[in-house]
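What follows is a set of notes on a single structure, which appears directly below.
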Amino acid sequence: MEDVDLTLKCIVVGNGAVGKTSLITRFVKGEYTDEYKKTIGTDFLETEFYSESADEEVTLHLWDTAGQEVFSTITRSYYRGSALCILAFSTVDRASFDAIKKWMSRVEEECGPIPMVIMQNKIDLLTDSSEVSLVDGDALAKELDLPIVRTCVKDERGVKELFDTLVSTYFDLK
Ligand code: GDP
Ligand code: MG
């Protein structure tokens, strides 16, 4: 069968300063170069991605919340048509970890049960006394029945794995 170019809208949600914008810009600019596309009130970046696990090539539209990290300020159009979601928190910000459940509920309200992955970012700052441990992350993933991927957007660690996990989940569920 001829390969059909599948475009998937992927939203990245989570509290402010956890690394969402960094993730999107790093991922897109590290792999390919694409221009920033402006839409009404929101921006997204486009990139091609080959998922090894799924053996599928997709076009991803990565939607940033552009600083609107308060639930109520994110418009319906931001969520509309999303196929994938990254729930992001920071290893050094307990409140961002505690907010993941709320973000997940919000996304489910707006998008239904789409594939989601938890992103534990700033793993470079993990210590014995950091605000969120690996055990905390595992417990949350288990509770929410979602995969979790540890990332350091700073040096790109885990970033490909994050998208690979998400895209392969999409194809598994299809
Ligand atoms: P956003 O508000 O979720 O979009 O967060 P940003 O992408 O703006 O990142 C917030 C801050 O965290 C910036 O200063 C980033 O440079 C920094 N940051 C992002 N990812 C990492 C990471 O993996 N490790 C470290 N140490 N800092 C990071
Ligand atoms: Mg941002």
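Computed from heavy atoms alone, side chains included, the values below leave out hydrogens, waters and symmetry copies.
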Item to check | Residues Thr59, Glu48; criterion side-chain hydrogen bond (donor to acceptor under 3.5 Å, both in side chains); working and verdict | outcome: CA-CA 4 Å; Thr59 298; Glu48 310 277 300; 3.1 Å; yes

Checklist entry - Hey, mind stepping through Leu23 and Val159 against side chain to side chain contact (heavy atoms under 4.5 Å, CB included) and telling me if it holds? => result CA-CA 8 Å; Leu23 169 77; Val159 170; 4.0 Å; yes

Item to check | Evaluation steps, salt bridge (charged side-chain N to carboxylate O under 4.0 Å, His left out), between Glu143 and Lys101 | outcome: CA-CA 10 Å; Glu143 185 188 340; Lys101 272 186 227 172; 3.0 Å; yes

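Between Ile74 and Arg106 the shortest heavy-atom distance is O-NH2, 4.4 Å. Of all heavy-atom pairs between Phe171 and Ala54, the closest is CD1-CB, 3.8 Å. Contact record, Gly81 with Lys9: O-CB, 3.7 Å, taken as the closest heavy-atom pair. Scanning both residues, Gly137 and Ile148, for their nearest heavy atoms gives O-CD1, 3.5 Å. In plain terms, the two heavy atoms of Val132 and Ser90 that are nearest each other are CG2-O, 3.8 Å. For the residue pair Asn15 and Ser96, the shortest heavy atom distance occurs at ND2-CA, 3.5 Å.
The hydrophobic cluster containing Val92 also includes Leu125, under a criterion of side-chain heavy atoms closer than 4.5 Å among ILVMFWY residues, counted directly or through chains of members. Using a 4.5 Å cut-off between side-chain heavy atoms of Ile, Leu, Val, Met, Phe, Trp and Tyr, Ile123 falls into a hydrophobic cluster with Leu126, Leu134.
Atom OG1 of Thr165 sits about 12.0 Å away from atom CD1 of Ile118, to the nearest 0.5 Å. Summarising the geometry, atom OG1 belonging to Thr169 is positioned 11.5 Å from atom CE belonging to Met116; distances are rounded to the nearest 0.5 Å. In this structure, NZ in Lys122 is found 12.5 Å from OG in Ser130, a value given to the nearest 0.5 Å. A distance of 10.5 Å separates CD in Glu57 from CG in Leu6, rounded to the nearest 0.5 Å. Distance check: Phe89 CZ to Trp103 CH2 gives 15.0 Å after rounding to the nearest 0.5 Å. Rounding to the nearest 0.5 Å gives a distance of 4.0 Å between CE of Met104 and CG of Leu146.
Looking at Leu62, Leu45, Asp64 one by one, the single match for side-chain contact (heavy atoms from CB on, under 4.5 Å) with Thr25 turns out to be Leu45. Of the listed residues (Leu60, Val12, Ile11), just one forms a side-chain contact (heavy atoms from CB on, under 4.5 Å) with Leu84, and that residue is Leu60.
Checking side-chain atoms of Thr47 against main-chain N and O of Val28 turns up no donor-acceptor pair under 3.5 Å. Using modelled atom types, no side-chain atom of Lys160 and backbone atom of Ser51 make a donor-acceptor pair closer than 3.5 Å.
A donor atom on one side chain and an acceptor atom on the other are found under 3.5 Å apart for Thr75 and Ser77. With 3.5 Å as the limit, one finds a donor-acceptor pair spanning the side chains of Thr151 and Asn121. A donor and an acceptor atom, one from each side chain of Tyr50 and Asp55, are located under 3.5 Å apart. Side-chain contact, Asp136 with Ser133: a donor N or O sits under 3.5 Å from an acceptor N or O.
Using cut-offs of 30° and 60° on the angle between ring planes, the pair Trp63 and Tyr78 is perpendicular.
With salt bridges taken as basic N to acidic carboxylate O contacts below 4.0 Å, one links Asp98 and Arg94. With salt bridges taken as basic N to acidic carboxylate O contacts below 4.0 Å, none links Asp124 and Arg157. Salt bridge absent: Glu161 and Arg150 never bring a charged side-chain N and a carboxylate O closer than 4.0 Å.
Clustering ILVMFWY residues whenever any of their side-chain heavy atoms sit less than 4.5 angstrom apart, transitively, puts Ile100 in a cluster other than the one holding Val18. A continuous path of ILVMFWY side-chain contacts below 4.5 Å connects Tyr170 to Phe163, so both sit in one hydrophobic cluster. Both Val153 and Ile86 are members of a single hydrophobic cluster when ILVMFWY side chains are connected at heavy-atom separations under 4.5 Å.
Within a 6.0 Å sphere centred on CD of Glu52, other residues, nucleotides and ligands contribute 12 heavy atoms or fewer.
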